Amino acid sequence: MRKKIVAGNWKMNKTFSEAEDLLFGIADALGNGRPDNVEVVVCPPALYLELANDVATEHNFRCGAQNMSEHESGAYTGEISAAMLQSAGVEFVILGHSERRTYFGENDELIGKKVAQAIRHELTPIYCCGEVLAEREAGKHFEVVEAQVTGALSGLDAKAFSKVVIAYEPVWAIGTGRTATPQQAQEMHAFIRSVLAKIFGQKAAGDTTILYGGSCNAGNAKELFANSDVDGGLIGGASLKADEFVKIVNSF
Ligand code: PGA
């Protein structure tokens, strides 16, 4: 089902007490009024997920992890499984973020396995895709994003795919302050939907939630979210301040 979602990706930020402050800050700010058709998801570091889930349950928002293993269980030191996330009440997991691709060598094949594993454990994967600047400048951005979407998702059956949320995050916009224009976002989101239609059919493509990520903030969210194929945002830096994050939620 296509939904509106605003998700915060905290990345590797916040100590325990800072995380507590931010979670309760978000809860308070959401309590002052929010659109009821927008799902709010907070993705803190894994260490804080249990706490985050307690606060989220009380205050009507959701929790997500930033990554997980493609394996079921076993001797994978340092890893966290989908079953663990599920058993802790976590509902979402960000997969294939460009930082995982760049710094941890994740490719579409591996990320595809993670997506399937997340779905087996009833988690909603937020599958990230997006081109780097050189690819955009060379006019290859559509080709690159199509290959990422096809490479990681085309092995899913239609039922499994219906659980997937996509985040288009142009790498040149992540953490740079250089946001995609609303036109660039809309154009790519519509293109992603056309790629999904080829694989899973028109109806499934229309039902997919596609988020925009990359320097989205309280100042530009409204313009981005106003586009017909932009169903919300995956927010990095601006999700680390409760008021700013909730302003983005209220941009719908
Ligand atoms: P940013 O990060 O909002 O800080 O650009 C977005 C993301 O990486 O998910």
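For ligands, and for the atoms within them, numbers begin at 1 and follow the listed sequence. Since the structure is predicted, the reported quantities are computational estimates derived from the model, not experimental observations.
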* Side chains of E131 and W172, donor plus acceptor under 3.5 Å ->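 Short answer, yes.
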
* To do: Check whether the side chains of H97 and Q66 place a donor and an acceptor atom closer than 3.5 Å, and report yes or no.
  =>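 On atom types as modelled, these side chains do not qualify, holding no pair under 3.5 Å.
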
* Can you pull the side-chain hydrogen bond (donor to acceptor under 3.5 Å, both in side chains) pairs that have at least one residue in residues 196-212, sequence neighbours excluded? ->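 Matches after skipping sequence neighbours: E146-K198, K203-D207.
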
* With sequence neighbours left out, which residue pairs that include part of residues 41-60 fulfil the side-chain hydrogen bond (donor to acceptor under 3.5 Å, both in side chains) condition? ->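 Listed by first then second residue: nothing to list.
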
* For S81, which residues count as a side chain to side chain donor-acceptor pair (under 3.5 Å) partner, sequence neighbours excluded? ->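 Expected list: none.
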
* Asked: Does S162 use its side chain to pair, donor to acceptor, with the backbone of K159 at less than 3.5 Å?
  ->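 Checked: pair present.
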
* To do: Non-hydrogen atoms closer than 4.0 Å to ligand 1: which protein residues do they belong to? List them by chain and number, please.
  =>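 For ligand 1, the contacting residues are N9, K11, H97, E169, A173, I174, G175, G214, S215, L234, I235, G236, G237.
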
